Structure formats: C-alpha cells, structure tokens
Amino acid sequence: MSFYEVYDSIKHKPYETMLESMTVKDVDRALNKTELDEHDLLALLSPAAAERLEEMAQKAHWLTVQNFGKTISLYAPLYLTDYCVNKCAYCSFSFDNDFPRRKLTALEIDQEAKALKDMGIQHVILLTGESRVHSSVSYLAESARILRKHAASIAIEVQPLDAEEYHQLFQAGVDGLTVYQEVYNEEVYKDIHIKGPKRNYRYRLDAPERGCQAGMRSINIGALLGMDNWRKEVFFTALHARYLQKKYIETDIAVSFPRIRPNLGGFEPRVNVEDKDLVQAMLAFRLFMPRAGITLSTREEAELRDHLIKLGVTKMSAASSTVVGGYANKKEDNSQFEISDTRSVEEVKHRLKQLGYQPVSKDWDILAGEEEKDAFSASCDYDRKARTGAGV
Amino acid sequence: MDELIIGQTKLTNRLFTGTGKFADHSVMRQAFAQSGSEVVTVAVRRVDLEAGHENILEDIPSNMIIMPNTSGARNAEEAVRIARLARAAGMGNWIKIEVISDQKYLLPDNEETIRATDILSNEGFVVLPYMNPDLMAAKKLADAGAAAIMPLGSPIGSNRGIRMKEMIRILIEEKTLPIIVDAGIGRPSEAAEAMEMGADAVLVNTAIATADDPVSMAEAFNLAVMAGRKAYLAGLGPVSQRAAASSPLTGFLR
C-alpha cells in the first residue's frame, strides 16, 4: 500500500469540522503525551491550539534540543537549469513564461560548486525545472559527479523519477531527495497544475517512497502553504512523513513548511498563512514527530527565521540564489521565487552563534561512487542486504 | 592504581565524553577540561579538516584520546568506510562503531556491528562497538576482536537512565572485555549507578552538552563516576530480598 492509497482512504473525512470541534482540553491532552496519534495532531493544528502556542513552543524547543542538540545544519540550493515542461499557476519556471532559459555546462557546474564551497557551503541541493530532456537522469548523475569534488552531501529537487532512476543517482553520489507535493488536496492540485506531466498527482505523491526504496539517506517532503486550508495540508504532510518513517525506518525524514512567494506569474495565495499559523504548523509537527528534521528556507525574512530557529528547526539554507548560475555570476535574473533572507553564510553563522546554536557546515562524507563500491564489495565479500520495497 | 586498559592504552579516568550537541566550541573545551575525561568521541561526518579554526578537532584538548565514531552508518560497509576515512584523516587508531539503521529510536544493529568489528579489528583498529545489550552479541563482538563493548543504557539522547539494567548486569557478570555504558545516562546519579554495578566506564554526551551549564555538569559527572567506582571497589553490602529474623525452615535443628 502506497501513501496515495492511505490518502485516498481518508481524504473524505470531515477534517474541517473535526478541527473546529477540538477544544483546549484536547490540546492539553496532546501536550501531555509522548507518543501522539492523529487525533492529537489534529488538536494541535486546530484553532483551539492558538491559546497554547507558548506551551507548544517550549515543548518543541526542548524536544529538538534533546534530539538534535543546539546545532543547525546549513545548506544551499544550486540551480542547474530552468527549462520546464509544466505550466503551474504559482511558478516562474512555467513553460509559457517568456524568458531566456539556461542549462549549466559541466564547467559552469564546477564553477558554481567552487563558489559555494568558498562561501562555506558543503551541503548542496541540486535543483532543476521539470524536463526529462533538459534535466535527464544522465545529466543529473554527471552533475553529481562534478559536485562530489567540492561538496560533502548532495541532494536533488527535480522532476519525480522512477525508483531505478533514483538508485542510479544514489550511486552517483546523491544521498538526499526533496519532493514537495505542493498541495495534498487532489482537486486543488489539478487546478493549479494546469499542463504537463506534473498533473500526475499520484506519481508525485509516491516519489518520496521510491526515493526510500532507492536507498536515499534522507527524504524531505512538504506542502506549499497558501494553496488550501493550511491545517489540513500540514496534517496530510505529517501523516505522509510518519508513513515514510514507519515503513523505511533507516531513512531520515524531514519536512519543510514553504509559504507561497511572489513570482513571475503574479499568482495570489488562495489562503493567507500568517506568521502565527506557520509557527503553529511547525510546532504541531515537531510534537507529532520529535525525531524528524525540519528544514527552513530563505523564503522567509531574516528576522522571522531567527525566531523560528528555536521552535524545532534542524536545517536551514543560507545565502541562497534561486537563479541558474547565480553564485559564480551574481546578477539579477529570473528566479524561481523571491529570496527574503539575503544574508551571507558568515552573517547567518554569526547570528546562529549569538542565538546559542552551533552552525554545522559539514554533516556527512560522500562515501564513494559505484566504481569504488564494486571494488569494496569484492574486497570484504560484502553482500548487500536487499532493501525493503521492490524494484531496486 | 585503579587503571582501565583499552587496547594498549591505560586510562585513569572512567568518564568518556562526546562532542555532539554542544552550542559552542569554547564551552565544549571548558567542559572537557572540567570533566577529567581522557577519551572523547567525535562524529567523523562532522569533522571538516579544511575548516581551519572551525574544525572541531582544534577544540579538543591535546591530552585527550580521540575516539572517532561512525555515526550515520546504516550498515557494516558504511561503518568500515567511515573508519578508514577517520584513520586516513589522522584521527588515530581508535574507532567507535555505530551502525544505526533505525532513524526513529536510533537503536544499533548488532549483526552489522559485529561484521564491521570483524573487518576493522583485522585492519588493526582498536574497535569499541556501540551495541544493544545482548549476551550472545557481546560474545560475538569479543570473538570478532573488539577492545571493549559499549552497551546502551537507554536509547541515545533519551536521558532515561539505565533502563537496560538487567541485561547490562548480565554482561558485567559474564564479561571478558571492558564494558562502557553508553547512551541514555541523563543524571550524575545514573552514571554512579552504572559504576556501582561494575561497569568499567560510562560515556556521557547529551546530558552534559545540553545542560544549562555544561561546564559544571561535566564536573558533576566526573565526581559521580569516581564515587560510583570507589563504591564498587569498596564492595557494596549485599541487598537482602526480605527480612530474615529467624530460621523458619531450619530452626528445629537448634
């Protein structure tokens, strides 16, 4: 059973009514438990929990320090190409937005990776628009091989792929996969993904699971908040995260809470997600899954990011450029969305230390590529254990 | 002199520490100084040799033995690779094997740990495996060439104390290798308890690193470990299961 089937079996429940009917008593009960169930999660996401935000924040802070220490990992995105075959209502990369598209060459990728390393970034996430022609699996694998020389860990945020394709990228040195569902509500999903393969809701929803099956070390999921009732969206995100953690216990699961940002298409959020809503979403998730990562991007303003750090965040981006080729050549160009926190890596590190946190630039070593792996397996006669899940 | 010998190395202090979870390197350094600890574990994945002054190894006092750990390894293969990286990077010969394929409870995989121990001890490492307290696994680790074993008291970072007490007691009774109780110790009294039971050492990280005052907490743990050890050596009186005022079964013989 995949998460699509889980979603399909529960999507008709009257969540709006259930959220409205929660009382402070339900919230307090959830606050006093260590293992939270779906009912507790709904209580913490309900309007009634607004009265208990400080209590939730204190528990979330304490749980995060206990599980992750007073540390925050840093990463940055590297945009490889902005070619895209989809038309999505909210994204600047939509194929019908007329601007000159780019795709980095091997040399340019090397320059970008070096520029990032000089800035102090070693955990990099490779991003593309969605195009199997311009960002093919072989192009992504080649990019990872180039990046490996300069980075300690590589993740990807690209069009959803098959498990076998994810496995090829894993062997090329990619250890993390980010796939945002954008919106869990299937009807809204069809509305805003107007044309292109991204309209396939189910293939996208089950992509994180295929990443787990392919051996990825970490999986990051999320909903783009502002597309539908955020309480429901965060509820489904959290259930998705728990589903993955339970089924693939060896994989690190992390969640992001991106809010819709201004973009070329001039898309207006359908729902206004205020700062206090974002905070409640993060806290509820942290209490529901104390061991999961929470990733915070530069979509949010510096001042708000500083406040959010103590509420459960484990990883944040710094000095991000969402422009293809934006690190080696700093110039204004068409970005996927606007950056709100424009501080340098050094400034972010300095601020983290002031807040009592140790910035972590390196938290992994890419162990080897496929050639070395083969040699190693032969040398110690290590027969690789079959992974959970089929197809790999 | 009450010494603990691991591999060829003689230790006088029985508190092992770790670098994880500290907010600040200078506080960490002071905490180590106050802890009296002679062995500190460092996650190889966090070590950045090119980071200059931010390289965590720079903030470890030079008189401490660095015990790199394979945190992040999900199987024996990855643990072996990380151990080799550590040695190639000049972190010495000791290796604490952590093979954790469960990201929720962070429990070690004994089977993979035994495999990694076997490979690495053959390569000349002083191997200290982190393990689920299980007698058969302990015997296999000894056969595989471990220099000590590190059973967990409770899951990592849980600060719940020695929940695995009965299993650890059995390991101590049957021991052929030094036993270092690792993980889960949240209070100095729990460290003392492990030492009173006859553990050879304890490793404490989270409880020191996340205390409001890590430096004072490090000192408190050092004192507790010393007290517990002293009590163990002094010979704790037997704890009777029930009061025995008379001899109900053999009184007729008098």
Side-chain angles (χ1 to χ4, degrees), chain A residues 34 62-73 117 120 122 152-153 175 215 217-219 242 244-246 248-254 289-293 349 352-368 372-373 376-377 379-385 387-388, chain B residues 18-28 43-51 54-56 71-82 84-86 89 99-107 109 111-112 115-116 118-120 122-123 155-159 186 205-207 209-210 214:
Chain A
T34 48
W62 176 78
L63 280 173
T64 312
V65 168
Q66 192 187 18
N67 280 297
F68 296 90
K70 293 173 181 169
T71 64
I72 300 274
S73 299
K117 187 160 189 197
Q122 298 193 56
S153 170
D175 52 51
R217 305 181 54 82
S218 59
I219 301 287
R242 180 167 273 192
L244 293 169
Q245 186 181 64
K246 210 172 167 69
Y248 302 94
I249 200 163
E250 73 278 21
T251 313
D252 266 322
I253 307 297
M289 287 187 68
R291 276 281 325 152
K349 280 186 177 174
L352 282 171
K353 286 177 189 165
Q354 283 180 333
L355 292 168
Y357 281 78
Q358 187 194 134
V360 174
S361 305
K362 176 178 172 292
D363 196 23
W364 188 237
D365 290 289
I366 298 168
L367 291 175
E372 297 101 309
K373 264 182 186 156
F376 178 85
S377 301
S379 75
C380 67
D381 195 27
Y382 181 80
D383 50 324
R384 204 173 172 73
K385 271 205 303 193
R387 294 212 149 271
T388 341
Chain B
T19 57
K21 300 189 180 178
F22 278 95
D24 180 283
H25 284 191
S26 71
V27 171
M28 179 183 85
V44 177
R45 68 191 203 162
R46 288 260 166 108
V47 174
D48 185 1
L49 295 172
E50 295 171 29
E54 284 186 16
N55 175 357
I56 201 160
S71 155
R74 296 181 302 183
N75 52 46
E77 179 192 17
E78 291 182 349
V80 167
R81 281 167 188 282
I82 293 169
R84 289 174 182 165
L85 269 178
V99 180
I100 292 174
S101 50
D102 142 37
Q103 302 306 323
K104 185 175 179 192
Y105 305 99
L106 300 179
L107 293 169
D109 180 333
E111 195 185 328
E112 293 290 301
R115 277 141 69 89
D118 191 26
I119 296 168
L120 291 170
N122 279 322
E123 293 182 10
I156 293 183
S158 67
N159 286 357
N205 181 11
T206 304
T210 63

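Note that the structure is a prediction, hence the values are computed from the model and not measured. Below, read A as the first sequence line, B as the second, and so on, with proteins coming before strands; counting in each chain starts at 1.
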Exercise for the section: Would you indicate whether the side-chain heavy atoms of B:His25 and A:Gln358 approach each other to under 4.5 Å? Expected result: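 When only atoms from C-beta onward are counted, B:His25 and A:Gln358 do touch, with a gap below 4.5 Å.
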Using heavy-atom distances under 4.5 Å, tell me whether [X] contacts chain A through its side chain, its backbone, both, or neither.
{"X": "B:Ile100", "value": "neither"}
{"X": "B:Thr210", "value": "both"}
{"X": "B:Val44", "value": "both"}

Practice task
For chain A, find which of B:Gly20, B:Gly72, B:Ala43 contributes the most heavy-atom pairs closer than 4.5 angstrom.
Solution key: B:Gly72
Completion exercise
If you tally heavy-atom pairs under 4.5 Å between each of B:Asp118, B:Leu106, B:Leu85, B:Ile56 and chain A, the highest tally belongs to B:Leu106
Side chain / backbone / both / neither for [X] at chain B, heavy atoms under 4.5 Å:
{"X": "A:Lys362", "value": "both"}
{"X": "A:Lys349", "value": "side chain"}
{"X": "A:Gln66", "value": "both"}

Distance from [X] atom [atom1] to [Y] atom [atom2], nearest 0.5 Å?
{"X": "B:Gln103", "Y": "A:Thr251", "atom1": "CD", "atom2": "OG1", "answer": "7.5 Å"}
{"X": "A:Asn67", "Y": "B:Lys21", "atom1": "CG", "atom2": "NZ", "answer": "6.0 Å"}
{"X": "B:Arg74", "Y": "A:Asp252", "atom1": "CZ", "atom2": "CG", "answer": "8.5 Å"}

Practice task
Using modelled atom types only, decide if a donor and an acceptor are shared between the side chain of A:Arg291 and the backbone of B:Tyr105 within a distance under 3.5 Å.
Solution key: no
Exercise for the section: With sequence neighbours excluded, tell me which residues meet side chain to side chain contact (heavy atoms under 4.5 Å, CB included) with A:Asp363. Expected result: A:Ser73, A:His123, A:Val360, B:Arg45, B:Arg46
Completion exercise
Heavy-atom closest pair (A:Gly356 atom, B:Ala23 atom, distance to 0.1 Å) is O-CB, 3.0 Å
Handout entry: For A:Arg217, all residues meeting salt bridge (Lys or Arg N to Asp or Glu O under 4.0 Å), sequence neighbours excluded
Key =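 A:Arg217 satisfies salt bridge (Lys or Arg N to Asp or Glu O under 4.0 Å) with B:Glu78 once adjacent residues are dropped.
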Fill in the blank from the handout: Per-residue tally against chain B (heavy atom, under 4.5 Å) across A:Lys246, A:Lys70, A:Lys353 peaks at A:Lys70
